[in-house]
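Written out below as structure tokens is the structure these notes cover.
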Amino acid sequence: MTRDLTAMLRPRSIALVGATDRSRWSQNTFDNLVNRKYPGDVHLISRRGGIVHGRNAATSCVALGEPIDLALLMVPMAVIEEALADLAAADVHNAVILTSGFAETGMDGAEHQARLAALARQHSVSLLGPNCLGFVNFIDNVPLWTGGFRAPSKPGCIAVVTQSGANGSFISSLAAQHEIGLSHMISTGNEADLDCADFIAHLVDQQEVRAIALFAETIRHAPSFAAAARRAVAAAKPIVVLKIGLSEITARSAAAHTGALVGDDRVFDGVCRQLGIVRVESIEDLLFTADMISRTGVLKPNGLAAVSISGGACEIIADRAQVLNVPLPELSATATAELRAALPTFGTPHNPLDITGGAVLQPDLFEQGLRILGKQPDYSVLACLFDVPVSAELATEFTRTALRHIAAGLHAASMPAFMISHTGKPVTEVATQLIDEIGLPYISGGMHHAMNALGAAFWWSEQYRRLANVSATITTIADTKERPTSERATLDYLKRSGVPVVPIILAHNADAAVAAARNIGGHVVLKIASDDIAHKSDIGGVILNLEGDAAVREAYQRIIAAAPTAARVDGVLVAPMRSNGLELFVGCTRDPQWGPVMAVGLGGVWVEVLQDVSLRPLPIDAAEVKRMLTELRGAKMLQGVRGMPAANLDAVAAAIARIGDAAVALGDNLEALEVNPLWVRGSEVEALDALAVWRQRE
């Protein structure tokens, strides 16, 4: 359920609890509210009363005797409980807690934080923090921030939610440098009560917000975050996230490969791909990407048209477009003819379009080129590369004239259109004056960040279209209560679950193995059958490509002799030899945050060597599995190589989706379920080997 955070983020009155002239935090917050002209009432609360920050202070919220929408708690941790009780008695239901010393300090701090959250629920107080710097609502001018910060000159449509207060300040400063308007900046801190998902869900419903930029260290409650992401997609409002944690491995399995492949970061990457969340790797890309998509909205799947006075810049754009999968459609015959008539004779029409140095003498070439490209149905976004001068000395007559022609050409376009700086440049007072005077849609982040942002805009637009046709209903899969432990039992379970499985026979002696091989016909595989041996090939427990009674009998005896003395052996499994096909790996495990997760990649030893896997939280359908397969670096193997037929992706995806459903149905005690390999040849798909690993019952 979405929490109503209106009173918190748009308070009519604020109480600074623990206000004191001795605290820089207190003074900073008071100065921000007063100097930035917060329109509501600011009340000061101090145990001793008296004069604080030049005003009378009440000894408590109850003693104040006036309505309070929001309280900022700056008191020591030892008196937090007392402060919360005072809020409850004064009928205050929203609080921001600056105080640190909670979960970030270890186990004792975590216990204090749990107590804090319980008290907040008991007193019906919604908490932001603890250990946070507060928030700024730029739209309604609520600068409840406990440190200094720079801000753009005007509010905008990008909401910043960050678990790091300092990074919030960095993002706001960068936005001010480039005059990118923000709607909110919210530092969530330790998230004892409200977390980033709560704020995202609230912000999605705010008309002024068009994009959300998130800096995250962790996701506290995965289902709430996923629900908020789905709300954002439904509202066509992108979530752009910078999440740390690349080196943190949070899920491992001693007996299975999957746990080593599935770390927090890899799972989160799969979550982003599944839910249409744009993931970036820098603060710059976080801000510029949110800004770009807030301007483009959902792009048509056509492509980019670009114009520059520099052939080198055109080449940079073309290279970046290829790397980022940004389509650069060729010019149509009509556009080519029109451009040939407009350009100097030494110019050659291409996309990206170099209008040549002739524009120095004829600045209207910018406008002509942009007008021609801006009406072409082959394109969905138009960009012109040029710089706005940062000083009066650089604002030459040519530059001013060129900018006017560029603005005219961009405004005439029938698609989103921008001017992009060649390199990252600050938007100075001189630049701002020119931009406002001309009405120039300008992106000052430079070609590299702008192309990253455009690549993300095209990707996000594709995900929006995909997810618009996907039901948000979460599939519920009933627990089977089964607990297969052996390979044969696991394969039998998968077969009952609709997964195509290789025929397999358990032989208890050499004669039975020979008979089974005769019954199967052709070449066979023998594998040791033992619950105590997870990876059979490691001990010589698998022999391939056998033919003839003598070979099968000798192999049986060799496998039995290879078994460790302490291992319980049920016999040997006999199965037909499958060759000339592609081997895939399908592994399911349980992530601490996201629950059951599936990894898909190339099978056999390649999964260990390359670790080329795509991951998703379960359950998923066959359509999502097909998307996972296309993400693999080895995806071309599925298209058929060296005489191997192309894989029937529908059949492969259906089998993998059933494996995922089967894993979910085994319940929470399942540590890992692996199928390695899943053999694929054209439309033939079979699980050749399977392993189920169970958690120790507590």
Side-chain angles (χ1 to χ4, degrees), residues 1 3 5 8 15-18 20 23 25-26 45 47 60-61 70-90 92-135 144 146 161-168 186-199 215-225 243-245 247-252 263-264 267-268 590-595 668 695-698:
M1 183 179 70
R3 306 258 300 256
L5 304 179
M8 172 177 282
L16 305 185
V17 179
T20 171
S23 167
W25 303 108
S26 179
I45 309 297
R47 268 189 178 185
S60 68
C61 292
L70 175 64
L72 170 66
L73 303 187
M74 300 177 287
V75 298
M77 187 175 65
V79 295
I80 282 285
E81 292 189 18
E82 180 184 334
L84 279 177
D86 178 44
L87 296 188
V92 181
H93 297 287
N94 298 284
V96 177
I97 302 183
L98 167 69
T99 311
S100 58
F102 290 92
E104 77 277 9
T105 64
M107 291 299 297
D108 288 344
E111 291 178 6
H112 288 303
Q113 185 165 305
R115 171 66 177 162
L116 172 65
L119 284 171
R121 289 190 296 270
Q122 177 185 330
H123 294 310
S124 299
V125 176
S126 293
L127 293 183
L128 171 58
N131 190 31
C132 78
L133 296 185
F135 69 88
L144 190 70
T146 57
V161 180
T162 172
Q163 292 173 342
S164 162
N167 271 336
I186 302 169
S187 163
T188 59
N190 290 11
E191 300 183 341
D193 177 29
L194 297 168
D195 65 8
C196 62
D198 292 310
F199 287 99
F215 176 83
E217 296 164 340
T218 188
I219 302 301
R220 311 280 180 193
H221 189 242
S224 296
F225 182 80
K243 183 182 181 298
I244 62 168
S247 62
E248 180 186 358
I249 302 299
T250 60
R252 286 192 178 277
D264 174 75
V267 176
F268 186 73
R590 179 164 292 275
D591 181 82
Q593 289 179 311
W594 298 97
D668 294 348
R695 297 176 185 274
Q696 294 293 328
R697 294 186 183 274
E698 297 181 0

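No experiment lies behind these values; they were computed from the predicted model shown.
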Original post:
Rounded to the nearest 0.5 Å, how far apart are CG of Asp193 and CG of Leu119?
Top reply: 11.5 Å
Original post:
Is there side-chain contact between Leu87 and His123, with heavy atoms separated by less than 4.5 Å?
Top reply: no
Original post:
In Å, rounded to the nearest 0.5 Å, how long is the span from CZ of Phe199 to CD1 of Ile186?
Top reply: 5.5 Å
**OP:** Verify, without hydrogens or angle tests, whether Thr188 (side chain) and Cys196 (backbone) share a donor-acceptor contact under 3.5 angstrom.
**Re:** no
**OP:** Check Asn131 against Ser100 and note the closest heavy-atom contact, atom names and distance.
**Re:** OD1-CB, 3.5 Å
**OP:** Can you measure from CG (Leu116) to CD1 (Ile80) and round to the nearest 0.5 angstrom?
**Re:** 6.5 Å
Subject >> Gap separating the CD1 atom of Ile219 from the OG atom of Ser224, nearest 0.5 angstrom >> reply: 10.5 Å
Original post:
Side chains of Arg3 and Met8: closer than 4.5 Å at any heavy-atom pair?
Top reply: no
**OP:** Verify whether one side chain among Thr218 and Glu191 offers a donor that lies under 3.5 Å from an acceptor in the other.
**Re:** no
**OP:** Indicate the atoms forming the closest heavy-atom contact of Ile45 with Ala15, along with that distance.
**Re:** CG1-CB, 4.1 Å
Original post:
Taking atom CZ of Phe225 and atom CG of Asp195, what is their separation to the nearest 0.5 Å?
Top reply: 9.5 Å
Original post:
Roughly how far apart are Asn94 CG and Leu5 CG, rounded to 0.5 Å?
Top reply: 8.0 Å
Subject >> Closest non-hydrogen atom pair between Val92 and Val125, with its separation >> reply: O-CG2, 3.5 Å
Original post:
Which pair of heavy atoms, one from Gly189 and one from Arg220, lies closest together, and at what distance?
Top reply: O-NH2, 3.6 Å
Original post:
Where the side chain of His112 meets the backbone of Phe102, is there a donor-acceptor pair that is under 3.5 Å apart?
Top reply: no
Original post:
Any idea which heavy atoms bring Glu217 and Ser164 closest together, and the distance?
Top reply: OE2-CB, 4.1 Å
Subject >> Member of Leu70, Leu194, Asp198 meeting the side chain to side chain contact (heavy atoms under 4.5 Å, CB included) criterion with Ser126 >> reply: Leu194
Original post:
Given Leu73, which of Asp86, Ile97, Val79 fulfils the side chain to side chain contact (heavy atoms under 4.5 Å, CB included) condition?
Top reply: Ile97
Original post:
Do the side chain of Thr146 and the main chain of Leu133 share a donor and acceptor less than 3.5 angstrom apart?
Top reply: yes
Subject >> Minimum-distance pair of heavy atoms, taken over all atoms of Val75 and Ala83 >> reply: CG2-CB, 4.2 Å
Original post:
Does Glu81 use its side chain to pair, donor to acceptor, with the backbone of Ala78 at less than 3.5 Å?
Top reply: no
